[in-house]
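Take a look at the structure set out below.
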There are 2 protein chains.
Amino acid sequence: MTGIRPRPATIYAVADAAGVSIATVSRVLQGVGRVAEATREKVLEAARGLDYLPGGSARALAAKKHEAVGLMLPELTGPYFAELLVGFESAAADLGLSVALLMTDEPGLSRPLRQLAARVDGLAVMARPGQLADEELSSLARRLPVLQVAAGLRPDSIGTENTASARELTEHLFGHGRRHLVFVGDPDLAPDAAERHAGFIEAHAAAGMAVSEPARVGYSEDDGRRFAHHLLDGDERPDGLVCVNDEVAVALLDELQRAGLAIPDDLAITGWDDVMTARYTRPGLTTVAQPVRDLGGLAATTLYRWLTTGQQEHDPTILPTRIVLRGSCGCPEAQLAAIRPRRMPVRESLKEEPE
Amino acid sequence: MTGIRPRPATIYAVADAAGVSIATVSRVLQGVGRVAEATREKVLEAARGLDYLPGGSARALAAKKHEAVGLMLPELTGPYFAELLVGFESAAADLGLSVALLMTDEPGLSRPLRQLAARVDGLAVMARPGQLADEELSSLARRLPVLQVAAGLRPDSIGTENTASARELTEHLFGHGRRHLVFVGDPDLAPDAAERHAGFIEAHAAAGMAVSEPARVGYSEDDGRRFAHHLLDGDERPDGLVCVNDEVAVALLDELQRAGLAIPDDLAITGWDDVMTARYTRPGLTTVAQPVRDLGGLAATTLYRWLTTGQQEHDPTILPTRIVLRGSCGCPEAQLAAIRPRRMPVRESLKEEPE
DNA sequence: ATTGGACGGGTAAGCGCTTACACACCCAAT
DNA sequence: ATTGGGTGTGTAAGCGCTTACCCGTCCAAT
């Protein structure tokens with residue numbers, strides 16, 4: 001496997017080896033047109049013997065399509081993006097499309113993005129406001145289908161429901177007697193965050209309550225921990241925290257517990273996304289489950305329909321979410337190890353030597 | 001943005017608009033060769049006005065390279081693959097390479113894999129044994145550089161250290177007085193698992209202890225929970241569980257705790273990967289941190305060197321790991337909320353009306 | 001005044017495929 | 001025997017780029 005590699009075989013080499021024309025080779029390999037069974041076998045064998053693989057670029061050039069879609073994400077850390085990607089890729093694969101991927105945090109990502117756009121038939125983009133020059137994106141959109149994911153309400157967009165869920169979640173916290181809630185997250189960082197914050201405000205308005213300023217933090221655990229210390233050191237006195245995502249929430253939960261706070265008694269905490277960690281904290285994290293994987297799949301299929309029909313769907317699709325109640329909001333949780341219902345028999349003394 | 005889209009502009013259109021030949025357009029856009037400043041500006045403006053983007057397929061065909069690398073993963077659920085991907089993509093992007101992605105669980109994935117291979121210059125593959133017909137893969141390897149990731153020791157492979165770490169971890173458990181350990185994971189499912197199991201065995205051999213059969217479970221939380229119930233129902237009596245990854249470990253931990261077991265007193269548990277959740281369980285999960293992101297980056301850069309030099313590196317690179325001790329193995333952990341060192345002042349009565 | 005570079009840009013030959021079209025060929029129907 | 005309709009295959013024209021090569025200009029040096 002080491003060392004120099006011979007130039008890959010072309011369709012001409014296969015045609016020669018099989019004693020046919022390149023047109024026939026192409027027909028056999030694509031399975032279109034009529035080819036005599038004997039010929040087909042000859043071609044297949046020749047192709048196999050030469051490790052032939054039709055070059056994607058030549059194929060795409062001649063066929064005027066790439067059979068590939070692109071996905072651009074602002075970053076890929078965190079379970080959210082991973083899930084989205086999984087949904088996107090597996091749906092795309094089912095549709096016979098390859099997936100090209102781009103993620104970046106740099107604002108001036110023009111180059112890689114254009115490189116990506118040049119090799120796909122359509123693009124799904126999840127852009128944070130300001131990250132991508134809108135000019136850049138609309139120039140691309142004039143050239144190929146560009147689908148916006150989780151970008152708020154726009155005709156070329158799909159996403160998940162945010163505002164109503166946030167309102168419901170906030171009202172749930174009211175139901176637990178909480179009166180001084182803080183929204184933890186920056187509404188300006190992403191449309192999703194803005195919509196959740198809007199729901200948070202709606203709930204307050206409907207209850208005739210005043211709303212405090214949102215705590216403008218980012219999306220990472222570090223942001224959560226930092227805010228925890230800010231809370232501990234400052235003189236704000238919230239009794240509930242509605243966090244923009246689970247990572248911030250669990251970090252906050254952890255840091256506050258380490259400082260001696262009782263969750264949810266002293267402070268209720270909710271997250272968003274229902275990531276894996278949310279079911280392993282003590283108490284479990286109350287959060288909002290979004291069908292992120294489905295969202296990714298929807299992006300791929302929507303793009304596919306757009307590509308094949310040449311016509312964009314009219315209405316943006318909004319996927320429903322589900323509130324997941326665990327202990328961190330104040331809901332009762334199944335007690336853990338308080339009673340020991342079935343005790344696995346274990347060896348008595350661990351100090352003994354092995355058998 | 002809706003509706004029919006005009007055919008994208010070609011290099012000819014730009015040349016016409018700028019009043020030059022296509023060669024000049026190509027030179028300007030690539031930044032090679034000498035072009036008068038005035039001409040360059042004309043071209044750039046024409047290109048901008050037409051939303052021109054050099055078609056990737058034509059470019060790749062003419063230049064005989066895709067400027068793209070592919071990554072194939074057996075699946076993408078779980079933090080491990082997400083991290084790997086992040087490392088791969090960001091390193092590739094820095095090198096000016098696009099990334100094409102493929103993941104699948106199907107054994108017969110020949111089609112999508114070949115489609116992927118046809119549009120990249122090199123391929124990084126993480127294949128589970130048996131999933132991919134070896135014949136298929138070596139045929140591809142004859143055509144383009146194929147780098148194996150975490151595939152055990154082979155010349156065309158890179159990976160992370162497993163055996164020594166597993167041995168050390170196992171011996172650490174011995175140090176906690178544990179004598180009846182079970183390896184939870186199937187050594188046949190992946191080379192990584194096999195190597196970890198080998199280290200587990202080594203430790204036993206060195207201590208002159210007998211080794212029990214491994215519990216052959218998969219990699220998911222469900223596998224962990226299932227095994228927990230199997231343990232609870234059966235009559236095995238281990239005092240320590242060395243799990244193949246963190247997902248299995250945390251699920252096991254959770255399920256066993258719910259059943260009333262005290263971890264680590266009744267049973268020690270360790271994981272592998274140091275995923276986010278590992279630092280949020282109570283007790284925290286002792287595990288092995290691998291530089292998975294670096295591994296992904298290494299895959300991209302190794303592939304890049306291979307592509308540019310045409311020569312494969314000789315020795316497989318093995319990245320070092322680090323054991324992360326938390327409470328689940330029996331190590332002391334900072335007490336949580338036992339004392340409340342700094343108590344955040346909160347409102348006394350939550351039942352009060354808002355201000 | 002001649003000449004030789006440097007400079008700028010055009011010409012054209014591919015790159016490796018797909019696919020419309022044309023053309024043999026063979027056999028059934030007349 | 002002639003005709004006509006499949007069948008199977010080859011011919012050739014692109015697809016939209018890159019790039020080697022060549023050819024004018026212009027100006028400094030002689």
Side-chain angles (χ1 to χ4, degrees), chain A residues 6-44 46-47 50-68 98 114-115 117-121 143-144, chain B residues 6-44 46-47 50-68 98 114-115 117-121 143-144:
Chain A
R7 312 183 72 235
T10 70
I11 197 174
Y12 293 97
V14 177
D16 278 358
V20 299
S21 74
I22 61 167
T24 299
V25 175
S26 180
R27 281 185 204 108
V28 170
L29 264 31
Q30 289 182 76
V32 303
R34 346 189 39 92
V35 180
E37 189 52 30
T39 312
R40 123 179 261 91
E41 306 237 303
K42 267 193 309 184
V43 170
L44 253 19
L50 292 166
D51 295 312
Y52 174 69
L53 212 53
S57 49
R59 172 188 261 274
L61 179 58
K64 298 183 210 274
K65 62 181 169 193
H66 298 273
E67 316 240 359
S98 288
R114 294 169 71 88
Q115 187 179 342
R119 58 178 76 240
V120 297
D121 300 314
R143 195 184 196 273
L144 43 57
Chain B
R7 313 183 72 236
T10 69
I11 197 173
Y12 293 97
V14 177
D16 279 356
V20 298
S21 75
I22 62 167
T24 299
V25 175
S26 179
R27 282 185 204 109
V28 169
L29 263 32
Q30 288 180 75
V32 304
R34 346 189 38 94
V35 180
E37 189 50 31
T39 312
R40 119 179 265 91
E41 306 236 302
K42 269 193 309 186
V43 170
L44 254 18
L50 292 166
D51 295 312
Y52 174 68
L53 213 52
S57 49
R59 172 188 261 273
L61 180 57
K64 297 185 210 279
K65 61 182 171 192
H66 298 273
E67 315 241 356
S98 289
R114 295 167 71 88
Q115 188 179 342
R119 57 178 75 239
V120 297
D121 300 315
R143 196 185 196 276
L144 44 58

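Residue numbering restarts at 1 for every chain, and letters A, B, ... go by the order of the sequence lines.
- Rounded to whole angstrom, the span from the CD1 atom of A/Ile22 across to the C1' atom of D/dG8 amounts to 17 Å.
- Atom CZ of A/Arg119 is separated from atom CG of B/Leu53 by 11.0 Å, given to the nearest 0.5 angstrom.
- Sequence order on DNA chain D of the closest nucleotides to A/Val35 and B/Ala63 puts A/Val35 first from the 5' end.
- Remark: C1' of D/dT18 and NE2 of B/His66 are 15 Å apart, rounded to the nearest angstrom.
- Residue A/Arg40 is out of contact with every strand shown, counting any heavy-atom pair closer than 4.0 Å.
- Between the CD atom in A/Glu37 and the NZ atom in A/Lys42 there is a gap of 12.0 Å [rounded to 0.5 Å].
- Remark: A/Leu144 CG to A/His66 NE2 distance equals 8.0 Å, nearest 0.5 Å.
- Proximity of a side-chain donor or acceptor of A/Glu67 to a complementary backbone N or O of B/Gln115 within less than 3.5 Å is not detected.
- Heavy atoms of A/Ser26 sit under 4.0 angstrom from at least one base atom.
- Put simply, NZ on A/Lys64 is 9 Å from C1' on D/dG16, counting in whole angstrom units.
- Contact annotation for A/Ala23: base contact, defined as any heavy-atom pair under 4.0 Å involving a base atom.
- If you measure from atom NZ of B/Lys65 to atom P of D/dT19, you get 7 Å, rounded to the nearest angstrom.
- As judged by a 4.0 angstrom heavy-atom cut-off over every strand, A/Arg34 is placed among the base-contacting residues.
- In this structure, A/Leu29 places its CG atom 11 Å from C1' of C/dC17, rounding to the nearest Å.
- Each of B/Gly19 and B/Ala62 was assigned the nucleotide of DNA chain C with the nearest heavy atom; the assignment lying further toward the 5' end belongs to B/Gly19.
- Per the geometry, CG belonging to B/Leu50 stands 15 Å off C1' belonging to D/dG16, to the nearest Å.
- Between the CZ atom of A/Arg119 and the P atom of D/dC15 there is a distance of 22 Å, given to the nearest Å.
- Between the P atom of D/dG14 and the CD1 atom of A/Ile11 lies a distance of 19 Å, rounded to the nearest Å.
- Note that OG1 of B/Thr24 is 11.5 Å distant from CG of B/Leu29, once rounded to the nearest 0.5 Å.
- The shortest distance between the side-chain N/O atoms of A/Tyr52 and the OP1/OP2 oxygens of C/dC17 is below 4.0 Å.
- Taking the nucleotide of DNA chain C with the nearest heavy atom to each of B/Val20 and B/Leu61, the more 5' of the two is matched to B/Val20.
- Contacts of B/Val32 with the nucleic acid, taken as non-hydrogen atoms under 4.0 Å apart, are absent.
- Look at A/Thr24 and you won't find any side-chain N or O under 4.0 angstrom from OP1 or OP2 of D/dG8.
- The side chain of A/Gln30 places an N or O atom within less than 4.0 Å of a non-bridging phosphate oxygen (OP1 or OP2) of C/dT19.
- For the OP1/OP2 pair of C/dG16 and a distance below 4.0 Å, the side-chain nitrogens and oxygens of A/Arg7 include at least one atom meeting the criterion.
- The side chain of B/Thr10 contributes no N or O atom lying less than 4.0 Å from OP1 or OP2 of D/dG16.
- Rounding to the nearest 0.5 Å places CZ of A/Arg59 at 9.0 Å from NZ of A/Lys65.
- Within the nucleic acid shown, A/Thr39 comes within 4.0 Å of sugar-phosphate atoms alone, with no base atom in reach, counting heavy atoms only.
- The nucleotide whose nearest atom lies closest to any side-chain atom of B/Arg27 is, among C/dC17, C/dC21, D/dC21, D/dC21.
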